[in-house]
**Q** 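Attaching a single structure in structure tokens format; questions to follow.
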There are 2 protein chains.
Amino acid sequence: MLSKLIYQAFFEGSARGSAQEVGAGQRHDILRKGERSPYVTMVIDGWAASYTQLSHGPRQLHTIFLPGDLCDSGVSHTGVLDYSVMALSRVRLACLPRELFDGLTEGHPALARAVWRQELLQAAMLRQLTTAIGTKPAHERLAHVLAEIFLRMQARGYTENDSCPFLITQSDLAELVGLTPVHVNRMLQLLRRDGLIVQGGRTLRIPDMQRLLQVARLDPAYLGLGKVSAPEEEPDPRPMAL
Amino acid sequence: MLSKLIYQAFFEGSARGSAQEVGAGQRHDILRKGERSPYVTMVIDGWAASYTQLSHGPRQLHTIFLPGDLCDSGVSHTGVLDYSVMALSRVRLACLPRELFDGLTEGHPALARAVWRQELLQAAMLRQLTTAIGTKPAHERLAHVLAEIFLRMQARGYTENDSCPFLITQSDLAELVGLTPVHVNRMLQLLRRDGLIVQGGRTLRIPDMQRLLQVARLDPAYLGLGKVSAPEEEPDPRPMAL
DNA sequence: CGAATAGTTGACTAACGTCAATACTAGTGG
DNA sequence: CCACTAGTATTGACGTTAGTCAACTATTCG
């Protein structure tokens with residue numbers, strides 16, 4: 001769940017001129033492993049992802065950051081990033097000086113809790129992803145991540161009925177679920193043939209979420225979004241841009 | 001790194017009669033998904049692991065809990081466990097009433113930070129595990145988890161020279177790294193033939209950690225243990241038992 | 001000592017990876 | 001507006017890793 005509180009902190013920071021809005025080109029690193037970034041970073045627009053890369057080897061994506069997500073809130077406590085973050089699409093970021101952020105959370109317990117919760121939610125998502133990669137066949141892994149992304153976008157009001165912007169390539173998906181791009185392609189075709197997803201341009205449509213969740217063998221309770229049901233009324237409209 | 005502070009909190013709780021020491025048999029659930037456990041649980045002796053299980057499907061282990069580890073510190077913030085925890089060996093647990101624990105952390109910022117750090121360390125380990133499962137071949141995954149467990153045990157003073165208690169079965173390893181027990185068996189034989197590990201009874205010996213880390217393509221910096229080098233002097237002796 | 005759990009082996013299968021060529025699409029500059 | 005280009009998607013033939021099934025051995029624990 002996107003925390004209004006966190007969003008507001010960045011909004012106010014911005015109003016006071018302390019938050020920087022930054023445009024990052026497509027497919028570039030936003031944060032790099034080993035850095036001690038002086039800012040706390042939030043995705044405002046577009047998608048990003050954290051990953052680790054084996055030396056000269058393949059990458060593994062861990063978390064897809066959607067608009068409203070913090071990319072590095074935990075770093076204050078550990079000192080140094082143990083992962084990198086890259087832009088998956090064109091991205092707009094808000095960067096709040098870390099001391100300022102830490103000050104805000106100290107003075108505002110509800111905000112601190114909201115940050116905590118985001119961190120724990122990301123951990124829960126990672127547990128689910130690990131489970132998918134470790135135990136599920138390829139098409140189920142894909143059903144899993146597609147459903148998860150859709151539901152997260154929906155909770156923030158970025159969906160329209162059963163369709164949702166989809167800003168990620170098949171190669172990215174491959175690096176997320178631990179497969180090759182070729183195999184991802186074939187399995188997506190399978191899901192399309194079964195009518196579980198409809199993909200056109202930069203859009204993903206999910207005609208029957210329940211069925212997709214069933215295929216993915218996924219109970220989305222861990223996302224903390226409450227009931228997941230047929231496309232009804234939308235939740236809140238998308239939050240105001242910075 | 002095992003936090004003395006956290007350990008002490010439980011020790012004092014125990015002295016005041018608020019911490020329960022519990023023996024849990026081998027291979028049984030300690031905490032179950034969906035519960036709202038009224039206690040915060042620490043492993044005192046033996047090994048445990050968090051996992052998620054697909055309905056009637058295979059399990060995926062996420063985190064191996066060694067003596068001194070908290071199993072469910074994050075639950076206070078989210079309300080409900082989204083994973084289960086089971087004993088891998090005979091286990092002794094310390095259980096501190098959750099309100100008491102929360103009270104302690106509120107009144108003691110250094111303790112709160114220590115708990116935070118443990119949670120973030122577990123998240124970092126999970127990222128590494130996910131990367132291993134998603135991108136590394138079987139023998140490297142095993143080298144990875146064996147090295148990690150050894151180093152964590154070493155940091156707590158549970159190793160002697162190059163050998164370390166090893167309380168986990170090949171089936172457990174399989175569920176940890178996303179393979180079948182049969183394949184784990186074969187790959188362990190491979191590691192043994194190459195002299196990377198020596199396994200006897202419930203003991204694991206790692207004659208050359210650097211070489212094992214190289215095979216695993218693993219930089220253990222994320223464990224926050226400082227230098228990892230040839231077997232020299234031991235760190236602290238094992239902490240007192242409850 | 002005997003039952004249950006854990007480890008080992010072999011033959012066979014299936015899922016996924018690799019390589020390489022070909023289409024498609026979107027963004028770019030003339 | 002069109003042609004060019006680079007990234008992305010798709011296809012096919014084939015190779016390899018890891019899974020499956022099933023038996024058998026070794027160990028642990030009561």
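Here is the naming used below: chain letters follow the sequence lines, and residue numbers restart at 1 for every chain.
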**Q** Which of the following nucleotides, C/dT8, C/dC16, D/dT8, is nearest to the side chain of A/L179?
**A** C/dC16
**Q** Counting only side-chain heavy atoms from C-beta out, which of D/dA9, D/dT20, C/dT18 sits nearest to B/V182?
**A** D/dT20
**Q** Do other residues, nucleotides or ligands put more than 12 heavy atoms under 6.0 Å from the CZ atom of B/F166?
**A** yes
**Q** Remember a base hit wins even if backbone is also touched, and classify A/P137 as base, sugar-phosphate or nothing at under 4.0 Å, heavy atoms.
**A** sugar-phosphate
**Q** Please give, in whole Å, the distance from C/dT5 C1' to B/L167 CG?
**A** 16 Å
**Q** Does the side chain of B/E148 pick up a donor-acceptor pair with the side chain of B/Y222 at under 3.5 Å?
**A** yes
**Q** Please state how far atom CG in A/L190 lies from atom C1' in C/dA14, giving the value in whole angstrom units.
**A** 15 Å
**Q** CD1 of A/I133 versus P of C/dG17: gap in Å, rounded?
**A** 12 Å
**Q** Do the charged groups of A/D72 and A/R36 touch, with an N to O distance under 4.0 Å?
**A** no
**Q** Does B/N185 make a side-chain N or O approach to OP1 or OP2 of C/dT8 shorter than 4.0 Å?
**A** yes
**Q** Return yes if a side-chain donor-acceptor contact under 3.5 Å exists between A/T131 and B/T52, otherwise no.
**A** yes
**Q** Rounded to the nearest Å, what distance is computed from the CZ atom of residue A/R202 to the C1' atom of nucleotide C/dG27?
**A** 10 Å
**Q** When rounded to the nearest 0.5 angstrom, what distance separates CD in A/Q53 from NZ in A/K33?
**A** 10.0 Å
**Q** Closer than 4.0 Å, any side-chain N/O of A/Q189 to the OP1 or OP2 of D/dT11?
**A** yes
**Q** From C/dG27, C/dT8, C/dG17, pick the nucleotide closest to the side chain of A/R90?
**A** C/dG27
**Q** Expressed in angstrom and rounded to an integer, what is the separation of B/E140 atom CD from D/dT17 atom P?
**A** 12 Å
**Q** D/dG7 C1' sits how many Å from A/H28 NE2, rounded?
**A** 13 Å
**Q** Identify which nucleotide among D/dG19, C/dG7, C/dG27 has an atom closest to any side-chain atom of B/H183, counting heavy atoms from C-beta outward.
**A** D/dG19
**Q** Rounded to whole angstrom units, what separation is found between the CZ atom of A/R27 and the C1' atom of D/dT8?
**A** 10 Å
**Q** Do B/R186 and C/dG10 have a side chain to base donor-acceptor pair shorter than 3.5 Å?
**A** yes
**Q** Measure the distance from NE2 on A/H139 to C1' on C/dA14 and round it to the nearest whole Å.
**A** 14 Å
**Q** C/dA6, D/dT10, C/dT8: which one has an atom nearest the side-chain heavy atoms of A/Q170?
**A** D/dT10
